[in-house]
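Quick notes on the structure that follows.
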Amino acid sequence: MIKVLLFANLRDIAGASQIELPLGNMVQVRDLLADLVSHVPGELIEALSDESAMVSVNQKYAGWDAPLFDGDEVGILPPVSGG
Amino acid sequence: MIKVLLFANLRDIAGASQIELPLGNMVQVRDLLADLVSHVPGELIEALSDESAMVSVNQKYAGWDAPLFDGDEVGILPPVSGG
Amino acid sequence: MIDVVICEQDFDVGEQYAQVCALAPRAGAVVFFVGLVRDLYDSHDSSETIEFLELEHYPGMTESLCQEIIDQARQRFPFDLARVIHRVGKIHASEQIVMVAVASRHRDNAFQAAQFIMDYLKTRATFWKKEVGVKGEQWLGRKESDLSASLRWENNSTELK
Amino acid sequence: MIDVVICEQDFDVGEQYAQVCALAPRAGAVVFFVGLVRDLYDSHDSSETIEFLELEHYPGMTESLCQEIIDQARQRFPFDLARVIHRVGKIHASEQIVMVAVASRHRDNAFQAAQFIMDYLKTRATFWKKEVGVKGEQWLGRKESDLSASLRWENNSTELK
């Protein structure tokens, strides 16, 4: 399984802070993002592309081509606004 | 009279923190500095030229061509080292 | 002393300063930056006031990122000690939200490192801020001014010596 | 609140911070710089330790100069409030010697103004410092690094935005 964490406005839109997806045929982060479409509201997908969210794999920033393995924790991160 | 104030190492060399000089024919700060020679140890003059001391007239930085008037307070200021 | 603290509780700047000085006895320069919640909406060009911010973060990842930022700052501007405290949860207008402290031998490194840490923290650390007030709730995006402040460190030619 | 204080007594950073925040309630950013007496001679390339500094100044002129420096900083980097405290007299190793505090709406001005004030204070304000320790007494001259730090503000092309 892949544990997907959603934060801030993305979590509000999705209505969930955490989604579990089977690894299935997913090889890279981009596969996961494509797969997410079938599990979350369409607005989330829009927000994702609009806001150029970043992605983390196991709590490190990762590109869309980063490899995925069973048990990975993937964060979908809206633009940060701390400080 | 002109009140001349000396600070830090210049005061130590001169052995005095304050010297009163009659205005006499002094017109500019440079005249005062020339006149000082006859009132203070030669080492002070050396220190003055070596260390490129600054001068103030009535508590404002002034050039050697600044005019002098009776009652002025002139500071002979070694390079500063605060903070 | 822990370099990075993410917590809900407020912090005492005087106490933090005393701790930093005690732990960096050779320091000649200490710089403290404290960020406070402004009472106006950042998200609107308005004079409406906010009531509070709601701050969340990605536990674990945030702490690592802040530590990484401190380590990067140390490589560029060597210092004796740096500390970051960042609050999360509900923070009201004019309350403290973040503190960056740097103690170093000379002042230039302390100033530069503190700025570097703040700029990177603003654009890289996984915090999210929601404004709540008379105009309702709104998640904030990353600000252009923070992005460009952060980018200046990538371009050595414009870097202050 | 008086902008400039020259005094023999030590100051309490926590107390100063609380005062600054109380007097600048709209500030979103507060920067504190504190300079401490390092325990090594600045005047020798040595590892010998100093016992204390003896600081003197030109009463009246120093206060005006510090106020002028604050006013210049305010024109370049608008802020809500700035304060300078500079001690004189005998100051021992690791004691506080100077504090510059700036509170402003945004962090960039607070950082820039605090640095500007420190750089100008170092090169323009009428303070003189004597090191006293195992190597005897020695008046310090102006440091090259302070001069160049101060000169960068004259050259707009290298100025951080």
Side-chain angles (χ1 to χ4, degrees), chain C residues 12-18 20-22 24-40 42 49 93-108 110-112 114-119 121-122 143 145-146 148-149 151-153 155 157-161, chain D residues 12-18 20-22 24-40 42 49 80 93-108 110-112 114-116 118-119 121-122 143 145-146 148-149 151-153 155 157-161:
Chain C
D12 181 320
V13 170
E15 206 175 90
Q16 292 295 325
Y17 173 74
V20 165
C21 288
R26 315 299 297 267
V30 176
V31 168
F32 263 68
F33 171 84
V34 180
L36 302 133
V37 179
R38 297 189 60 217
D39 58 356
L40 298 178
D42 234 17
T49 55
S94 88
E95 282 191 89
Q96 301 176 146
I97 178 168
V98 60
M99 182 200 89
V100 172
V102 178
S104 68
R105 304 298 157 101
H106 299 289
R107 73 184 182 286
D108 197 46
F111 271 119
Q112 298 277 84
Q115 282 180 93
F116 179 94
I117 291 169
M118 271 309 298
D119 288 345
L121 194 145
K122 281 259 182 191
K143 284 200 291 186
S145 58
D146 288 330
S148 58
L151 286 172
R152 70 184 170 179
W153 303 103
N155 181 354
S157 67
T158 62
E159 195 174 317
L160 271 179
K161 287 280 162 268
Chain D
D12 180 320
V13 170
E15 205 174 276
Q16 292 295 325
Y17 173 75
V20 165
C21 288
R26 315 298 297 267
V30 176
V31 168
F32 262 69
F33 171 84
V34 180
L36 302 133
V37 179
R38 297 189 59 216
D39 58 356
L40 298 178
D42 234 17
T49 54
D80 293 13
S94 88
E95 283 190 89
Q96 301 175 148
I97 177 168
V98 61
M99 182 200 88
V100 172
V102 178
S104 68
R105 305 296 158 102
H106 299 289
R107 73 183 184 285
D108 196 47
F111 271 120
Q112 297 277 84
Q115 283 181 90
F116 178 95
M118 270 310 298
D119 288 345
L121 195 146
K122 281 261 182 190
K143 285 200 290 186
S145 58
D146 288 330
S148 57
L151 286 172
R152 70 185 169 176
W153 301 103
N155 182 354
S157 66
T158 62
E159 195 174 317
L160 271 180
K161 285 283 161 269

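As the structure is a prediction and not an experimental result, all values here were calculated from the model. The sequence lines fix the lettering, A, B, ..., with proteins before strands; numbering per chain opens at 1.
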Can you say whether D:Phe33 sits under 4.5 Å from chain C via the side chain, the backbone, both, or neither, judging by heavy atoms?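 Its backbone and side chain both get close to chain C.
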Is it the side chain or the backbone of D:Ala114 that comes within 4.5 Å of chain C heavy atoms, both, or neither?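 For D:Ala114, the contact with chain C is made by backbone and side chain together.
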Restricting to non-hydrogen atoms, name the atom on C:Asp119 and the atom on C:Trp153 that form the minimum distance, rounded to 0.1 Å.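 Looks like OD2-NE1, 2.8 Å.
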Over all heavy atoms of both residues, which pair between C:Ala93 and C:Arg38 is shortest? Give the atoms and the distance, please.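 Taking C:Ala93 first and C:Arg38 second, the nearest heavy atoms are CB-O, 4.4 Å.
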Per-residue contact mode, C:Asp12 against chain D (heavy atom under 4.5 angstrom):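 Neither part; nothing is under 4.5 Å.
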Check each atom of C:Ala149 against the heavy atoms of chain D and say whether the ones under 4.5 Å are side chain, backbone, both or neither.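 Side chain of C:Ala149 only, per the 4.5 Å heavy-atom cut-off to chain D.
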4.5 Å side-chain heavy-atom contact, C:Arg107 and D:Gln115: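 Not in contact.
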Could you check if a side-chain atom of D:Val13 sits within less than 4.5 angstrom of a side-chain atom of C:Phe32, using non-hydrogen atoms only?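 Of all side-chain heavy-atom pairs linking C:Phe32 with D:Val13, none is under 4.5 Å.
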Taking side chain to side chain donor-acceptor pair (under 3.5 Å) as the test, write out the residues that go with D:Gln16, two or more places apart.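 So D:Gln16 forms a side chain to side chain donor-acceptor pair (under 3.5 Å) with D:Arg83.
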For each of C:Leu36, C:Val37, C:Val102, tally heavy-atom pairs with chain D at distances under 4.5 Å, and name the one with the top tally.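 The candidate making the most pairs under 4.5 Å is C:Leu36.
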If you count heavy-atom pairs under 4.5 Å between each of C:Glu15, C:Met99, C:Gln96 and chain D, which one has the most?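 Maximum pair count with chain D is reached by C:Gln96.
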